[in-house]
Amino acid sequence: MTAHKPRPPAVVDVLVCGGGVAGTMAAVAAARQGATVMLVERYGFLGGNATGGAVAQFNSWQTEAGRRVVAGLADEVVQRLRDYGAAGAHQVFVMSTGHRMDRVEYAPEVLKLVFDDMVLDAGVQPMLHASVCDVVCEAGRIRTVRLLTKSGVIDVHPRVVIDTSGDIDVLHRAGARFLPLDEGDALQPATMMFRFGPIDFARFDATPPADLQSLAREGFESGDLARAALHASRDPFSTDAWFNISRLGIDATDASALSRAEMEGRRQAWKAAQYLQRRVPGCEGGRLQAFATQVGIRETRRVDGEHVLTAEDLTRAVAFDDGIACGAYPIDIHPALGGELVYASMGDDHAYQIPYRSLIPKGVANALVAGRGISATHAALAAIRVMTISMAVGQAAGMAAAMACEGGVDVRGVDTTVLRDRLKAAGALVGGESKG
């Protein structure tokens with residue numbers, strides 16, 4: 001038997017681990033600032049929950065009053081989707097739970113192409129079908145990230161690491177600290193998205209919200225639906241829709257639990273599709289067409305960072321000197337058990353900021369976090385975890401990492417005034433902009 005020769009180590013300015021929406025934006029932003037960037041992703045495509053999880057809509061671009069709070073690279077993603085004919089218009093709608101929300105619906109498969117285009121255009125080195133298998137951290141600095149690839153094990157020596165893995169696997173292996181759940185809290189559940197159609201949208205959309213709420217409640221009480229909801233995102237290319245109506249209460253860092261959840265999620269989706277066909281107007285002629293590649297994960301590890309963002313920070317709209325992204329999405333907690341959710345709207349024209357310090361893990365000099373694993377309480381994460389905000393935070397993390405390399409400083413040495421100015425020049429909204 002011939003042994004594989006060790007692969008030569010790679011040296012990069014910025015190593016981004018996790019190719020979801022936050023990681024892809026981080027990689028593109030860093031490369032556009034002149035850094036050499038490698039983007040590591042376990043699947044053969046980028047996008048995370050947006051593609052593999054088939055969420056199929058980007059929520060919460062604005063306050064309830066209509067003031068924009070997310071732009072920058074997230075805007076570019078939508079424009080590129082529209083160039084492919086794969087995104088709908090921005091719309092305000094009422095969810096089946098009765099809550100008002102804004103969104104852009106898109107085709108998850110085409111988003112894979114968009115992210116390919118952006119990464120390659122920026123000069124990022126993609127490393128697909130690759131997983132982090134070890135991390136060497138010495139004196140508070142990540143020296144080596146070891147990747148398991150189809151070519152064997154590759155050692156990467158980064159100047160800065162951005163952990164956008166969702167579960168924050170790199171920093172977990174590096175020995176970083178994480179925030180515990182408070183007493184009485186539980187991890188938010190996962191969801192198996194599924195595609196159903198064809199749907200007569202003239203009838204489906206004409207169904208009054210109160211009737212949809214009643215049907216959702218009926219489906220949950222009968223055991224046909226895992227939660228009392230009938231949320232759907234229309235596919236731009238067909239009369240199908242992606243439904244977000246399953247509920248899987250798990251710790252997705254537990255491999256056995258995650259494996260069981262994937263299977264249970266498909267069973268829940270199959271049962272829900274049968275209920276749609278039997279009871280929901282416009283769905284009589286439809287059937288289950290596809291499952292998402294993976295269950296969508298809302299919450300696992302949250303890093304212990306230089307600032308722990310709290311629900312009070314969001315509801316009071318604290319103005320941070322180092323604010324690098326904004327949001328207006330409500331505190332939206334999906335309980336692990338039961339059919340309801342806890343939903344606290346932010347109010348008419350209320351928006352909040354996310355500070356750069358919430359991206360910096362304590363005890364590590366050359367790492368940042370973006371996406372759902374940033375330093376935030378359970379309740380705060382319930383607001384900032386959505387993909388629009390994750391894209392904004394990812395853009396900021398990528399730009400900050402490139403600035404750290406450019407200036408020869410660790411991530412705490414980045415001048416956040418300059419960072420904010422560069423983000424604004426790139427079209428991002430960081431807080432403090434005029435409300436006019």
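Start at 1 with the first residue, then count along the sequence.
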**Student:** Just by distance, with hydrogens left out, do His307 and Asp313 show a side-chain donor and acceptor under 3.5 Å apart?
**Tutor:** yes
**Student:** Would you say Ser246's side chain and Met192's backbone share a donor-acceptor pair under 3.5 angstrom?
**Tutor:** yes
**Student:** Exactly one of His172, Arg301, Arg372 should register a side-chain hydrogen bond (donor to acceptor under 3.5 Å, both in side chains) with Asp167. Which one does?
**Tutor:** Arg372
**Student:** Could you check Asp102 against Asn59 for side-chain contact (heavy atoms from CB on, under 4.5 Å), going step by step and ending with a plain yes or no?
**Tutor:** CA-CA 6 Å; Asp102 71 287; Asn59 284 346; over 6 Å; no
**Student:** Walk me through whether Thr207 and Val280 qualify under side-chain contact (heavy atoms from CB on, under 4.5 Å).
**Tutor:** CA-CA 9 Å; Thr207 305; Val280 178; 5.9 Å; no
**Student:** Determine whether a donor-acceptor pair (N or O, by modelled atom type, separation under 3.5 Å) exists between the side chain of Ser375 and the backbone of Val303.
**Tutor:** yes
**Student:** For Arg316, look at atom CZ and say whether over 12 heavy atoms of other residues, nucleotides or ligands are found less than 6.0 Å away.
**Tutor:** no
**Student:** Between the side chains of Glu76 and Arg32, is the shortest nitrogen-to-carboxylate-oxygen separation below 4.0 Å, so that they form an ion pair?
**Tutor:** yes
**Student:** What distance do Phe201 atom CZ and Arg234 atom CZ have between them, rounded to the nearest 0.5 Å?
**Tutor:** 5.0 Å
**Student:** Nearest heavy-atom pair of Ser358 and Ile374: which atoms, and what distance?
**Tutor:** O-CB, 3.5 Å
**Student:** For Val156, which of Ile142, Thr144, Leu147 qualifies under side-chain contact (heavy atoms from CB on, under 4.5 Å)?
**Tutor:** Leu147
**Student:** Among Val114, Val104, Leu113, which residue satisfies the side-chain contact (heavy atoms from CB on, under 4.5 Å) criterion with Leu81?
**Tutor:** Val114
**Student:** Is Arg173 reaching over with its side chain to a backbone N or O of Val145, donor-acceptor style, under 3.5 angstrom?
**Tutor:** no
**Student:** List the atom pairs, donor and acceptor, that lie under 3.5 Å between side-chain atoms in residues 14-29 and the rest of the protein, sequence neighbours left out.
**Tutor:**
from	atom 1	to	atom 2	distance (Å)
Thr24	OG1	Gly19	O	3.2
Thr24	OG1	Gly20	O	2.9

**Student:** Answer yes or no: is there a side-chain heavy-atom contact under 4.5 Å between Cys326 and Gln353?
**Tutor:** yes
**Student:** Under the side-chain contact (heavy atoms from CB on, under 4.5 Å) rule, what do Met391 and Leu73 come out as? Steps first, then yes or no, please.
**Tutor:** CA-CA 7 Å; Met391 286 192 280; Leu73 284 179; over 6 Å; no
**Student:** Would you say the side chain of Glu299 lies within less than 4.5 Å of the side chain of Arg385, judging by non-hydrogen atoms?
**Tutor:** no
**Student:** In the structure I gave you, are the side-chain heavy atoms of Val430 and Lys424 within less than 4.5 Å of one another anywhere?
**Tutor:** yes
**Student:** Lys271 side chain to Ala226 main-chain N or O, any donor-acceptor pair under 3.5 Å?
**Tutor:** no
**Student:** Asp224 and side-chain hydrogen bond (donor to acceptor under 3.5 Å, both in side chains): which partner among Gln274, Gln268, Arg278?
**Tutor:** Arg278
**Student:** Within the distance-only criterion (no hydrogens, no angle test), does the side chain of Arg100 pair as donor or acceptor with the backbone N or O of Glu64 below 3.5 angstrom?
**Tutor:** yes
**Student:** With a 4.5 Å heavy-atom cut-off, do Ile297 and Leu258 have their side chains touching?
**Tutor:** yes
**Student:** Between Gln57 and Arg103, is the side chain to side chain donor-acceptor pair (under 3.5 Å) condition met? List the steps.
**Tutor:** CA-CA 6 Å; Gln57 62 181 18; Arg103 68 179 174 187; 2.7 Å; yes
**Student:** State whether the side chain of Ser214 and the backbone N or O of Ala210 hold a donor-acceptor pair below 3.5 Å, judged by distance alone.
**Tutor:** no
**Student:** My understanding is that only residues two or more places apart in sequence, or in another chain, count here; which of them pass side chain to side chain contact (heavy atoms under 4.5 Å, CB included) with Lys362?
**Tutor:** Arg177, Asp304, Glu306
**Student:** With side chains defined as the heavy atoms from C-beta onward, is the minimum distance between Pro158 and Met38 less than 4.5 Å?
**Tutor:** no
**Student:** Does Glu284, at its CD atom, have more than 12 non-hydrogen atoms belonging to other residues, nucleotides or ligands within less than 6.0 Å?
**Tutor:** yes
**Student:** So does Val170 get a backbone contact from the side chain of Asp163, meaning a donor-acceptor N/O pair under 3.5 Å?
**Tutor:** yes
**Student:** Minimum heavy-atom separation for Pro361 to Ala367, with atom names?
**Tutor:** CD-O, 3.2 Å
**Student:** Is the backbone N or O of Gly52 less than 3.5 Å from a side-chain atom of Gln294, with the two atoms forming a donor-acceptor pair by type?
**Tutor:** no
**Student:** With side chains defined as the heavy atoms from C-beta onward, is the minimum distance between Arg357 and Phe320 less than 4.5 Å?
**Tutor:** yes
**Student:** Would you mind writing out the side-chain donor-acceptor pairs for residues 115-133 within the sub-3.5 Å range, not counting sequence neighbours?
**Tutor:**
from	atom 1	to	atom 2	distance (Å)
Asp117	OD2	Tyr84	OH	2.6
Asp121	OD2	Arg80	NH1	3.4

**Student:** Can you check side-chain contact (heavy atoms from CB on, under 4.5 Å) on Arg67 and Leu429, steps first, answer last?
**Tutor:** CA-CA 11 Å; Arg67 177 167 57 95; Leu429 300 174; over 6 Å; no
**Student:** Looking at every heavy atom in both Ala54 and Met193, which two are closest together, and how far apart are they?
**Tutor:** O-CE, 3.2 Å
**Student:** Please work out whether the ring planes of Phe243 and Phe196 are parallel, tilted or perpendicular, with thresholds of 30° and 60°.
**Tutor:** perpendicular
**Student:** Distance only, no hydrogens: is a donor on one side chain within 3.5 Å (strictly under) of an acceptor on the other, for Arg195 and Ser238?
**Tutor:** yes
**Student:** Evaluate the side-chain proximity of Leu359 to Ile324: yes if any heavy-atom separation is below 4.5 Å, no if none is.
**Tutor:** yes
**Student:** So, for Leu314 and Ala383, which heavy atoms are closest and what is the spacing to 0.1 Å?
**Tutor:** CD1-CB, 3.7 Å
**Student:** Any donor-acceptor pair under 3.5 Å linking the side chain of Arg298 with the backbone of Pro189?
**Tutor:** yes
**Student:** Please collect all ring-ring contact (aromatic ring centres under 6.0 Å, His included) contacts where either partner lies in residues 269-294, sequence neighbours excluded, each pair once.
**Tutor:** none
**Student:** Looking only at heavy atoms, which two atoms of Leu215 and Leu225 are closest? And how far apart?
**Tutor:** O-CD1, 4.5 Å
**Student:** Go through the side-chain N and O atoms of Arg302 and Thr377 and say whether any donor and acceptor fall under 3.5 Å apart.
**Tutor:** no
**Student:** Among all residues two or more places apart in sequence or in another chain, which pass the ring pair (Phe, Tyr, Trp, His ring centres under 6.0 Å) test with Tyr43?
**Tutor:** Phe45
**Student:** I'd like to check the ring pair (Phe, Tyr, Trp, His ring centres under 6.0 Å) partners of Tyr352; sequence neighbours left out, ordered by chain and number.
**Tutor:** none
**Student:** Taking Gly88's backbone N and O only, do any of them form a donor-acceptor pair with Arg82's side chain (distance below 3.5 Å, no angle check)?
**Tutor:** yes
**Student:** Are side-chain heavy atoms of Pro355 and Leu309 found at a separation under 4.5 Å?
**Tutor:** yes
**Student:** If you compare all heavy atoms of Ala30 against all heavy atoms of Val37, which two are closest, and at what distance to 0.1 Å?
**Tutor:** CB-CG2, 3.7 Å
